[in-house]
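Residue numbers start at 1 and run along the sequence shown.
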Amino acid sequence: MKTTLELLNKVIELGFDENEALESIDASLDEELGFENRKPIEEEELSDEIYETILLSFQCEAEWR
């Protein structure tokens, strides 16, 4: 399992702005996990499926840029 912070860092490596990426990741995770179930970014562990799904969406967007 990876953390939300690791996901954010990977997305930034793809060339996305940190604040915009964090907002997008947060929105996705709020929808998936529920706002009340969230932990701090460095502690929040994501399943491989959630991590890969969100990362793939950023990778696809990066290809279209």
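I41 CD1 to E6 CD: the interatomic distance, rounded to the nearest 0.5 Å, is 10.5 Å. If you take CG on D17 and CG on L22, they are separated by 10.0 Å, rounding to the nearest 0.5 Å. Interatomic distance, CG of L55 versus CG of L8, reported as 11.5 Å (0.5 Å rounding). Separation of atoms CZ (R65) and SG (C60) is listed at 12.5 Å; rounding is to 0.5 Å. We find the CD1-NZ distance between I25 and K10 to be 12.5 Å, quoted to the nearest 0.5 Å. Atoms OG1 and CG, on T4 and L46 in that order, are 4.0 Å from each other to the nearest 0.5 Å.
Residue pairs meeting the salt bridge (charged side-chain N to carboxylate O under 4.0 Å, His left out) criterion with at least one partner in residues 27-43, sequence neighbours excluded, are D26-R38, D30-R38, R38-E44.
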- Step by step, would you call Q59 with L14 a side chain to side chain contact (heavy atoms under 4.5 Å, CB included)? CA-CA 7 Å; Q59 289 170 329; L14 294 173; 3.8 Å; yes
- Task: List the steps and the verdict of side chain to side chain contact (heavy atoms under 4.5 Å, CB included) for F16 and S24.
- Result: CA-CA 11 Å; F16 290 90; S24 181; over 6 Å; no
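Between N37 and L33, the shortest heavy-atom distance links the atoms ND2-O, 2.8 Å.
Using a 4.5 Å heavy-atom threshold, the side chains of V11 and I54 count as separate. Proximity of N9 to L5: side-chain heavy atoms (C-beta onward) are separated by under 4.5 Å at one or more points.
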